[in-house]
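Data block below; observations after.
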Amino acid sequence: METKRRIAVSKLSKTFQQGRIAAVQEVSFEVYDREFVALIGPSGCGKSTVLNMIAGLIPPSGGEILINDRPAQGISPEVGYVFQKDTVFPWRTVAENIALGLEYKRLPRAVRQQKVAEMIRLAELEGFEHAFPATLSGGMRQRVALMRTLIMEPEILLMDEPFGALDTHTKLRLHQALLKLWSLHQQTVLFVTHDLNEAISLSDRVIVMTSRPGRIKTIHTISLPRPRDVIAIRETAEYAELYREIWHSLGEEFAKNGV
Ligand SMILES: Nc1ncnc2c1ncn2[C@@H]1O[C@H](COP(=O)(O)OP(=O)(O)OP(=O)(O)O)[C@@H](O)[C@H]1O
Ligand SMILES: [Mg+2]
């Protein structure tokens with residue numbers, strides 16, 4: 001049986017300012033059902049722009065986007081998006097922020113509360129349920145924003161550097177939690193990062209973009225066995241080999257920008 005295509009972008013391009021800035025140029029790739037794909041590339045290469053187009057937030061200048069093999073038209077209910085900037089509501093507590101989307105689903109109150117409690121536990125935010133965002137650290141706010149999307153269990157999950165502002169230890173724990181949720185809910189994930197360790201330890205495939213205008217440079221299959229232990233995996237020879245291979249591709253792009 002053929003695996004279903006969830007996201008298909010073909011010759012996707014985006015220019016800004018009446019064509020003066022070419023952000024993304026003829027990007028084509030596919031993400032299959034239950035696949036975890038990372039998109040990596042230098043800052044400013046167009047990663048967020050690609051995600052924004054797939055999410056239906058900005059129109060492409062050229063090319064095509066299919067979601068579940070249908071042309072994407074604006075914002076699709078099956079797509080969840082974790083933004084690069086944490087976007088929690090300051091007037092809502094941690095628990096109220098996480099519960100936001102559930103309020104529109106007709107779920108019994110007890111079920112909602114139980115789901116929220118589970119997300120708070122996974123995000124290690126216990127004890128902060130009733131805290132307001134202004135009293136949290138940046139990393140904590142980012143975790144609230146992440147859980148607010150994960151709780152909706154979207155079929156397709158777009159994430160833009162959701163762990164960007166976190167320290168290594170917290171990052172690793174959240175990687176483990178994310179992989180657990182992903183395996184439970186069998187979601188399709190497109191994950192933007194500029195952390196190669198993160199890309200390898202989470203993904204089935206890593207897509208490397210060139211520096212701006214962003215094009216696809218190389219695509220790498222990560223056949224490390226699952227379930228993965230995100231700490232132990234880094235000590236394996238296979239991991240080191242993948243890191244070397246992808247770093248070479250990525251490093252050429254960094255060098256272009258005069259590292
Ligand atoms: N609304 C806009 N108007 C003009 N230029 C834009 C706009 N949005 C993005 N750009 C430009 O497009 C390019 C790609 O931006 P984008 O935010 O997609 O990069 P990125 O790969 O996500 O970078 P980072 O890793 O720093 O988040 C950049 O040069 C940026 O300045
Ligand atoms: Mg970005």
Side-chain angles (χ1 to χ4, degrees), residues 7-29 31 36-65 67 72 74-75 79-88 138-139 141-146 148-149 156-168 171 174-175 178 189-203 205-220 243 246-247 249-259:
I7 304 171
V9 302
S10 148
K11 297 199 166 179
L12 191 63
S13 298
K14 183 69 187 176
T15 58
F16 290 106
Q17 299 184 353
Q18 288 85 41
R20 283 199 296 276
I21 298 175
V24 175
Q25 204 170 65
E26 303 214 338
V27 160
S28 305
F29 64 88
V31 184
F36 198 124
V37 173
L39 198 56
I40 192 165
S43 179
C45 77
K47 302 180 296 296
S48 296
T49 304
V50 168
L51 237 51
N52 286 337
M53 289 190 281
I54 294 173
L57 299 178
I58 56 170
S61 309
E64 191 185 39
I65 302 168
I67 303 287
I75 297 163
V79 177
Y81 196 170
V82 182
F83 293 94
Q84 183 166 11
K85 287 206 187 81
D86 74 73
T87 49
V88 294
R141 277 200 298 275
Q142 221 175 5
R143 279 180 270 161
V144 174
L146 173 69
R148 197 182 54 192
T149 302
I156 298 170
L157 194 50
L158 307 175
M159 290 193 266
D160 196 350
E161 303 196 29
F163 307 130
L166 304 178
D167 63 279
T168 308
K171 240 188 199 189
L174 282 169
H175 287 164
L178 176 63
V189 178
L190 182 57
F191 185 99
V192 164
T193 178
H194 46 226
D195 177 343
L196 182 51
N197 281 310
E198 177 169 271
I200 298 173
S201 43
L202 297 177
S203 309
R205 281 190 300 145
V206 174
I207 301 178
V208 178
M209 284 178 72
T210 65
S211 50
R212 195 174 66 82
R215 285 167 281 114
I216 302 291
K217 182 166 188 195
T218 47
I219 300 184
H220 307 261
Y243 192 96
I246 306 173
W247 183 255
S249 177
L250 200 54
E252 286 178 343
E253 297 310 307
F254 293 149
K256 272 194 214 163
N257 292 338
V259 170

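What you see is a predicted model, and the numbers here were worked out from it, not measured in a lab. Both counts, for ligands and for their atoms, begin at 1 and track the order of listing.
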Using a strict 4.0 Å cut-off to heavy atoms of C45, name the atoms of ligand 1 that fall inside it.
19 (O), 21 (O)

Stepwise, does the side-chain contact (heavy atoms from CB on, under 4.5 Å) test hold for E161 with H194?
CA-CA 8 Å; E161 303 196 29; H194 46 226; 3.3 Å; yes

What protein heavy atom sits nearest atom 17 (O) of ligand 1, and how far away is it?
S48 CB, 3.7 Å

Check which protein N, O or S atoms are less than 2.8 Å from the Mg ion (ligand 2) and report how many there are.
2

Identify the closest protein heavy atom to atom 29 (O) of ligand 1: which residue and atom is it, and at what distance?
R212 CD, 3.1 Å

Looking at side-chain heavy atoms only, is the closest gap between K14 and P59 below 4.5 Å?
yes

Show me the donor-acceptor pairs, under 3.5 Å and distance only, between side chains in residues 39-54 and residues at least two apart or in other chains.
from	atom 1	to	atom 2	distance (Å)
K47	NZ	G41	O	3.0
K47	NZ	P42	O	3.1
S48	OG	Q84	OE1	2.9
S48	OG	D160	OD2	2.5
N52	OD1	Y81	OH	2.6
N52	ND2	S48	O	3.3

Around atom 15 (O) of ligand 1, find the nearest protein heavy atom and jot down its residue, atom name and distance.
T49 OG1, 3.7 Å

Please write down residue, atom name and distance for the protein heavy atom closest to atom 26 (O) of ligand 1.
S43 OG, 2.6 Å

Specify the protein heavy atom at minimum distance from atom 28 (C) of ligand 1: its residue, its atom name, and the distance to 0.1 Å.
G44 O, 3.7 Å

Give me the ring orientation class for F163 and H175: parallel if the planes are under 30° apart, tilted from 30 to 60°, perpendicular past 60°.
perpendicular

Could you tell me if any non-hydrogen atom of K14 lies under 4.0 Å from any atom of ligand 1?
no

Which residue holds the protein heavy atom closest to atom 27 (O) of ligand 1, what is that atom called, and what is the gap in Å?
Q84 NE2, 2.8 Å

About how many Å separate NZ of K171 and CG of D195, when rounded to the nearest 0.5 Å?
3.5 Å

Nearest 0.5 Å please: distance from the OG1 atom of T168 over to the CG atom of N197.
9.0 Å

Shortest non-hydrogen contact between P213 and A22, atoms and distance
CB-O, 3.3 Å

Measure across P60 and L12 and return the closest heavy-atom pair with its distance rounded to 0.1 Å.
CB-CD1, 3.6 Å

Per atom 19 (O) of ligand 1, closest listed option by heavy atom (A23, G46, P213)
G46

Are any side-chain N or O atoms of Q142 and backbone N or O atoms of P162, one a donor and one an acceptor, separated by less than 3.5 Å?
yes

Suppose I only count heavy atoms of E161 and a 4.0 Å limit; which atoms of ligand 1 are within that range?
25 (O), 27 (O)

Using a heavy-atom cut-off of under 4.0 Å, does the side chain or the backbone of M209 touch ligand 1, or both, or neither?
neither

How about NE2 on H220, more than 12 heavy atoms from neighbouring residues, nucleotides or ligands closer than 6.0 Å, or not?
yes

Going from CZ on F83 to CG on L158, what distance comes out if it is rounded to the nearest 0.5 angstrom?
9.5 Å

Looking at atom 1 (N) of ligand 1, what's its closest protein heavy atom, distance included?
F16 CE2, 3.7 Å

Relative to atom 20 (P) of ligand 1, which among K47, R20, M53 owns the nearest non-hydrogen atom?
K47

Nearest 0.5 Å please: distance from the CZ atom of F36 over to the CE atom of M159.
4.5 Å

